[in-house]
Amino acid sequence: MSYNVGKYLAKRLEQIGIKDHFAVAGDYNLVLLDQLLDNKNLKQIYDCNELNCGFAAEGYARANGAGVCVVTFSVGAISGMNSALGGAYAENLPVLMVSGGPNSNDYGSGHILHHTTGKTDYDYQMEMAKQVTCAAERITQASEAPQKIDHVLRTMLRERKPAYLEISCNISAQECPAPGPVSTLLAEPKTDKTSLDAAVKKSADFLKGAERVVILVGSKVRPADAEKQAVELADKLGCAVTVMAAAKSYFPEQHPGFRGVYWGVVSSPGAQELVDSADALITIGPNWNDYATVGWRAWPRGKRVLQVEPDRVLVENESFAGFPMREFLSELSKVVTPKPETTKNTTAPKLEIPAAAPSAPLTNDEMTRQIQELLTPDTTLMVETGDSWFNAMRMNLPNGCRVESEMQWGHIGWSIPSGFGCAVGAPKRRNLIMCGDGSFQLTAQEVGQMIRYELPVIIFLVDNKGYGIEIAIHDGPYNYIQNWNYAALMDAFNGEKGHGLGLVAKTAGEMAEAIKKGLANKKGPTLIQCCIPQDDCTEALTVWGREVAQTNARPPIVND
Ligand SMILES: C/C(NCc1cnc(C)nc1N)=C(/S)[C@H](O)COP(=O)(O)OP(=O)(O)O
């Protein structure tokens with residue numbers, strides 16, 4: 001078969017397991033979209049805008065390993081950079097953004113092009129993309145396409161970071177060489193056995209002398225593809241295991257050693273004491289940012305910490321590199337001896353919220369309790385930035401249930417388009433979204449795409465009439481919003497024949513009724529507008545908000 005640039009890209013995407021890609025049309029990418037459509041193993045899914053398109057690709061990457069979005073030059077790509085590149089970079093997700101670009105003859109021509117800033121130099125987009133990707137290439141010659149496409153895909157998959165491709169609008173249908181074996185994109189770097197053995201020995205000796213061993217799992221265990229090996233180590237040590245908030249569900253919560261979320265003053269009951277009293281704390285893929293450390297107050301460091309990163313190990317002031325995390329954890333599991341001290345007399349946290357009477361006004365607790373009842377091993381729960389974070393942290397998850405959050409980038413509105421992408425990537429799972437009313441207003445229109453593609457996502461729209469987190473951190477008129485009739489939106493989004501369902505829940509009984517209807521609605525999304533009082537938030541949010549506000553208010557250090 002003969003290949004052109006667009007068909008080469010399509011073949012490579014198919015080979016790395018992409019079945020669906022997301023797009024917003026624009027005259028710089030139409031011919032490219034045609035080439036991608038020609039590949040019958042790739043489905044082209046459309047979004048309402050490029051911000052959502054990028055988030056959909058990011059969500060698809062969460063469900064499927066990698067994601068792709070195709071946008072038009074400048075007006076599309078710059079909007080999509082926020083989600084497909086910045087957000088994916090922060091969250092360690094392999095997302096490829098492909099932007100149609102100016103005709104190859106225009107470079108250096110002095111021509112002013114539409115959709116650009118009006119300057120005759122069009123490099124600004126590539127310069128921006130380079131700041132938030134692990135690889136970025138422009139294709140203006142068909143002959144260079146195979147090398148550049150392979151380079152961005154190989155780097156994206158290896159680094160678990162986003163990549164960027166810009167393809168001139170007159171090049172996508174130009175003939176180019178055929179792709180060779182996909183193994184060239186998937187080959188892993190060779191392990192340095194000497195360094196691996198030294199790291200394992202040093203770590204095993206460090207643990208041998210310890211009494212109170214605790215494991216703390218962080219979000220980078222996912223991009224390191226080492227979740228299974230973390231369980232292996234926990235099984236062998238028999239010690240307590242806690243997770244950081246952004247790693248909720250990255251360790252099975254029904255595991256006998258699981259002891260909840262470590263998040264400083266807002267940890268699960270008992271988790272902070274376990275972590276703080278450990279004489280050997282094994283941190284696996286931590287991300288110690290300001291929110292995770294509650295304003296730098298909860299950041300375990302020092303000689304009692306064995307820090308395991310995706311690409312290195314730090315133990316007793318010695319640093320080892322040259323091997324993947326999963327090999328290190330697996331080899332360490334083979335040589336350590338059981339350390340069960342920290343699981344004695346401690347138990348996993350349990351969400352104890354008594355069921356409200358059906359006629360009782362809906363509360364945050366009752367809403368959380370009813371959502372928790374819905375969780376199954378094949379559930380994915382998208383948790384939007386907001387009090388939804390804290391509600392999810394207190395839920396007990398069945399093994400296999402996945403919580404998806406965006407705690408590093410924290411772009412409100414992420415959960416709707418990312419939840420759409422996740423549902424496209426894993427349609428057989430039960431896809432649920434918990435999203436506040438403030439966040440929802442940024443990306444609401446993507447619910448229309450869930451209707452278009454008949455995805456039975458259930459959206460819990462937390463209608464508390466404002467920006468709950470911001471109110472807890474620092475209140476002011478800027479934290480209040482125009483209160484939409486969210487359930488009624490579904491009628492608008494349905495057009496003539498959509499199956500979207502919009503329901504309002506003001507009492508516990510109405511919420512239970514709405515969930516039943518949502519579960520029965522297999523041909524489209526169900527939005528349940530959960531009406532709760534404005535000041536009804538978790539205690540954790542209030543405490544955490546106060547600490548974060550204090551941290552933000554630190555006075556400038558005055559240098560005399
Ligand atoms: C405004 C903002 N953050 C600032 C912000 C502003 N703009 C973007 C894109 N991302 C952000 N995180 C945040 S967390 C709101 O409390 C979200 O409100 P809502 O969705 O209603 O949830 P809660 O009521 O549970 O907080």
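This is a predicted model, so every value here is computed, not measured. Start at 1 and go down the list; that is how both ligands and their atoms are numbered.
Closest to atom 13 (C) of ligand 1, if we only count protein heavy atoms, is Glu470 OE2, 3.4 Å. Atom 25 (O) of ligand 1 has Asp387 N, 2.7 Å as its closest protein atom, hydrogens excluded (heavy atom only). Nearest non-hydrogen protein atom to atom 7 (N) of ligand 1 is Ile412 CG1, 3.9 Å. Residue, atom and distance of the protein heavy atom nearest to atom 26 (O) of ligand 1 are Ile469 N, 2.7 Å.
Ligand-side atoms of ligand 1 in range of Gly466: 21 (O), 24 (O), range being under 4.0 angstrom from any heavy atom. Atoms of ligand 1 lying under 4.0 Å from any heavy atom of Gly438, numbered from 1 in the order shown and given with element: 19 (P), 20 (O), 21 (O). Every atom of ligand 1 is numbered from 1 in the order shown, and the set under 4.0 Å from a heavy atom of Thr385 is 14 (S). Interface atoms of ligand 1 facing Asn464, defined by a heavy-atom separation under 4.0 Å, are 24 (O). Contact atoms of ligand 1 toward Gly468: 16 (O), 23 (P), 24 (O), 26 (O) (distance under 4.0 Å to a heavy atom of the residue).
Of all the listed residues (Cys435, Ser388, Ser439, Gly436), Ser439 holds the heavy atom that lies closest to atom 17 (C) of ligand 1.
For ligand 1, one of its N or O atoms has an N or O atom of Gly410 under 3.5 Å away. In terms of N/O distances under 3.5 Å, ligand 1 is not approached by Gly386.
Under a 3.5 Å cut-off, the side chain of Lys220 and the backbone N or O of Val217 do not form any donor-acceptor pair. For Glu547 (side chain) and Val543 (main-chain N/O), no donor-acceptor pair under 3.5 Å exists by modelled atom type.
Assignment of Asp437 to the shell around ligand 1 is supported, since a heavy atom sits closer than 4.0 Å. Ligand 1 has no atom lying under 4.0 Å from any heavy atom of Glu384.
Between Phe420 and Tyr453, the ring planes are tilted. Angles from 30° to 60° get that label. Classified by interplanar angle (parallel below 30°, tilted 30° to 60°, perpendicular above 60°), the ring pair Phe390/Trp263 is parallel.
Defined by atom type and a distance below 3.5 Å, a donor-acceptor pair is missing between the side-chain atoms of Arg430 and Thr376. For Tyr478 and Glu470, the side-chain atoms include no donor-acceptor pair closer than 3.5 Å.
Taking the six-membered ring for Trp and the full ring otherwise, His114 and Tyr28 have centroids separated by under 6.0 Å. Aromatic ring centres of Tyr89 and Trp409: separated by at least 6.0 Å.
A salt bridge does not link Lys130 with Asp123: none of the charged nitrogens is closer than 4.0 Å to a carboxylate oxygen.
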